[in-house]
Amino acid sequence: MPLKILHTSDIHIGMRFNNYPDEVRGKLVEARISVLDRLIDIANKEQCDLFIIAGDLFDKISKIAKKDIVSVIKSLDQFSGECVLVMPGNHDYDNGMTELWDTFSKNITGKIVLLNENSIYNLNNYDIDGVIYPAHCDSKHSDTNNLSWIKELEDKPDVKWHIGIAHGALQGISPDIDNRYFNMSERELVDIGLDLWCLGHTHIPYPNTSIIDSSNVFNPGTPEPDGMDCKHGGNAFIIDIDDNKDIKATAVETGKYRFYDLKYIVEDERDFEKIEEELLSNSPNRKMVRLKLTGRLNKEVYDIKGDYYKKFNSNLGYFNVDDSELKIKITKEIIEKEFTKDSFPHKLLNSLADEEGAMQLAYELIKEVKK
């Protein structure tokens with residue numbers, strides 16, 4: 001009988017988003033909670049047998065209110081499949097002394113299994129002929145991963161499915177220059193010889209394609225985008241393993257909000273119109289946009305750029321603009337209006353009138369000196 005899994009990680013419930021205005025921050029905080037319900041709904045519609053959270057369900061081990069922990073458990077209990085597997089990651093690590101996981105353990109039902117020990121978890125009580133090998137995190141940072149106990153096993157149970165769950169940086173995918181995040185390689189994982197590896201930690205999907213049929217190592221990325229460096233729309237994997245242990249996975253977009261870090265060169269009003277068309281189409285209220293503008297504009301267009309900004313502010317979920325490198329295009333008319341005839345600036349700028357770039361630079365230097 002085949003096995004179907006919803007694989008997610010790095011939900012980071014409790015993330016604060018303090019760099020955003022209060023109204024926006026509240027929406028982003030709530031989105032990290034509501035995405036869990038969306039994931040459960042997807043898993044139920046897909047009739048998944050297992051729901052796997054491969055670390056960082058919570059953003060930290062402290063300051064998570066008990067009511068929020070209980071609310072998370074209630075959401076997980078809505079899974080209609082056999083079993084929910086939750087493993088501590090490096091943000092919500094379990095060193096045996098954390099109130100978070102103590103509270104979690106005391107409130108979970110039999111459907112939820114906390115994978116916080118270096119031991120094999122047998123799923124026969126859930127009508128699944130398989131076992132789980134967790135490599136959880138017991139600290140926020142470590143220069144070694146937690147795979148060693150699995151590598152040292154001499155005998156593995158005689159069951160159909162052997163599934164590893166690990167949290168840490170995957171070489172070549174996750175940035176880990178200082179080797180602080182339980183670093184592991186895909187080759188290292190494959191050589192252990194399990195049927196499937198479900199990873200967490202990296203917030204981008206791996207493999208990063210919509211349908212995968214040539215891998216047994218998966219990292220879903222965060223299901224709800226969490227910042228300007230997150231380029232995808234939130235991701236989870238639906239993983240199918242058939243009776244021959246052939247694996248096929250499908251990526252599912254799961255996020256509510258989408259972050260856009262955009263840069264444009266603006267030369268006339270048509271460029272503003274193109275930006276408006278892009279930003280205000282397809283659910284603009286779900287777009288978090290940081291915009292950097294450069295270029296030179298005629299004064300008439302420069303003076304109305306604020307009208308576009310107001311429109312973006314009122315329609316987008318979040319809007320921030322840096323136009324410090326967007327300047328007025330200098331013309332002879334501007335020179336005549338701003339500088340006394342036959343003054344040094346007036347003579348200098350008019351002498352450069354045939355060299356647009358030089359005239360522009362000279363004007364900006366003069367304006368800078370006048371400040």
Side-chain angles (χ1 to χ4, degrees), residues 4-16 26 28-117 119 121-128 132 134-138 140 163 165-167 198 200-201 220 222-224 226 234 236-238 252 254-256:
K4 180 173 273 194
I5 299 166
L6 186 139
H7 173 206
T8 186
S9 69
D10 299 278
I11 302 172
H12 288 278
I13 290 172
M15 187 178 284
R16 294 179 179 273
L28 295 175
V29 169
E30 174 58 31
R32 308 215 73 75
I33 298 172
S34 63
V35 74
L36 186 58
D37 291 326
R38 275 199 304 285
L39 289 164
I40 294 292
D41 286 343
I42 293 168
N44 290 343
K45 288 175 183 176
E46 292 287 336
Q47 297 183 315
C48 292
D49 305 294
L50 289 177
F51 189 97
I52 293 177
I53 303 175
D56 289 354
L57 169 58
F58 300 99
D59 189 55
K60 55 188 64 179
I61 60 172
S62 61
K63 298 182 180 179
I64 304 293
K66 181 179 178 180
K67 65 179 180 61
D68 292 332
I69 298 172
V70 172
S71 176
V72 166
I73 292 171
K74 287 181 179 178
S75 292
L76 295 176
D77 273 338
Q78 300 307 306
F79 178 53
S80 59
E82 299 297 332
C83 180
V84 176
L85 302 174
V86 179
M87 191 185 74
N90 72 301
H91 274 259
D92 56 6
Y93 63 87
D94 187 1
N95 59 5
M97 299 180 290
T98 58
E99 184 178 349
L100 167 67
W101 293 117
D102 182 58
T103 302
F104 188 86
S105 297
K106 289 177 178 176
N107 287 275
I108 58 176
T109 62
K111 182 182 285 285
I112 303 171
V113 178
L114 176 60
L115 308 173
N116 61 345
E117 296 180 3
S119 60
Y121 288 75
N122 200 309
L123 300 180
N124 57 4
N125 288 337
Y126 300 97
D127 293 327
I128 295 175
I132 303 297
H136 76 288
C137 297
D138 57 8
K140 186 166 186 178
I163 300 171
I165 306 176
H167 192 92
C198 295
H201 179 69
T222 182
E224 180 65 41
D226 58 355
F237 284 130
I238 303 293
V252 182
T254 56
K256 179 176 182 179

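Numbering of residues begins at 1 and proceeds along the displayed sequence. Note that these values count all heavy atoms, side chains included, but never hydrogens, waters or copies made by symmetry.
Scanning both residues, S9 and I53, for their nearest heavy atoms gives CA-CG2, 4.5 Å. Across every non-hydrogen atom of R32 and I13, the tightest pair is O-CG1, 3.5 Å. Considering every non-hydrogen atom in both Y126 and E82, the closest pair reads O-OE1, 3.0 Å. Looking at every heavy atom in both residues, C48 comes nearest to I238 through SG-CD1, 4.0 Å. Smallest separation of non-hydrogen atoms from H201 and N90: ND1-OD1, 3.4 Å. Summarising the geometry of H7 relative to A54, their closest heavy-atom pair is NE2-CB, 3.9 Å, with the distance given to 0.1 Å.
Considering CG of L50 and SG of C83, their distance stands at 6.0 Å, rounded to 0.5 Å. Residue S71 holds its OG atom at 13.5 Å from NZ of K66, rounded to the nearest 0.5 Å. With rounding to the nearest 0.5 Å, the separation of CD1 in I163 from CD1 in I52 is 5.5 Å. To the nearest 0.5 Å, the span separating CG on D226 from CG on D10 amounts to 8.5 Å. Atom CE in M97 sits 10.0 Å away from atom CG in D138 (nearest 0.5 Å). The structure places CZ of F104 at 5.0 Å from CD1 of I73, a figure rounded to the nearest 0.5 Å.
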Evaluate the side chain to side chain contact (heavy atoms under 4.5 Å, CB included) criterion for residues N107 and I69: first the C-alpha distance (whole Å), next the side-chain angles of each, then the deciding distance (0.1 Å), finally the verdict. CA-CA 9 Å; N107 287 275; I69 298 172; 5.8 Å; no

Test side chain to side chain contact (heavy atoms under 4.5 Å, CB included) on L39 and F51; report intermediate values, then the result. CA-CA 9 Å; L39 289 164; F51 189 97; 3.8 Å; yes

Checking T222 against I11 for the side chain to side chain contact (heavy atoms under 4.5 Å, CB included) test, could you report, in this order, the C-alpha distance in whole Å, the side-chain angles of both residues, the deciding distance, and whether it holds? CA-CA 6 Å; T222 182; I11 302 172; over 6 Å; no

Run I165 and L85 through side chain to side chain contact (heavy atoms under 4.5 Å, CB included) and show every step you take. CA-CA 9 Å; I165 306 176; L85 302 174; 4.2 Å; yes

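The closest side-chain heavy-atom distance from H167 to M87 is below 4.5 Å. Side-chain contact check for R16 versus K63: some heavy-atom pair is nearer than 4.5 Å. In this structure the side chain of V252 never reaches within 4.5 angstrom of the side chain of F237, judged on heavy atoms. L76 places a side-chain heavy atom less than 4.5 Å from the side chain of L36.
D56 places a side-chain N or O within donor-acceptor distance of the main-chain N or O of H91, the cut-off being under 3.5 Å. Judged by distance alone, the side chain of T103 and the main-chain N or O of E99 form a donor-acceptor pair under 3.5 Å. In this structure, the side chain of D92 does not engage the main chain of C137 through any donor-acceptor pair within 3.5 Å. Put simply, the side chain of T254 gets close to the backbone of P223: a donor and an acceptor are under 3.5 Å apart. No donor-acceptor pair under 3.5 Å is formed between the side chain of W101 and the backbone N or O of P88. No donor-acceptor pair under 3.5 Å is formed between the side chain of T8 and the backbone N or O of A236. With hydrogens and angles ignored, the 3.5 Å screen pairs no side-chain donor or acceptor of K60 with any backbone N or O of G14. Of the possible donor and acceptor atoms, none in the side chain of K140 sits under 3.5 Å from a partner among the backbone N and O of Y93. For K45 (side chain) and I40 (main-chain N/O), no donor-acceptor pair under 3.5 Å exists by modelled atom type. Counting only distance, with no hydrogens or angles, the side chain of N116 and the backbone of D94 share no donor-acceptor pair below 3.5 Å.
A salt bridge links D102 to K106: one of the charged nitrogens lies within less than 4.0 Å of a carboxylate oxygen.
Legend: residues meeting salt bridge (charged side-chain N to carboxylate O under 4.0 Å, His left out) with R38, ordered by chain and number and at least two apart, are E224.
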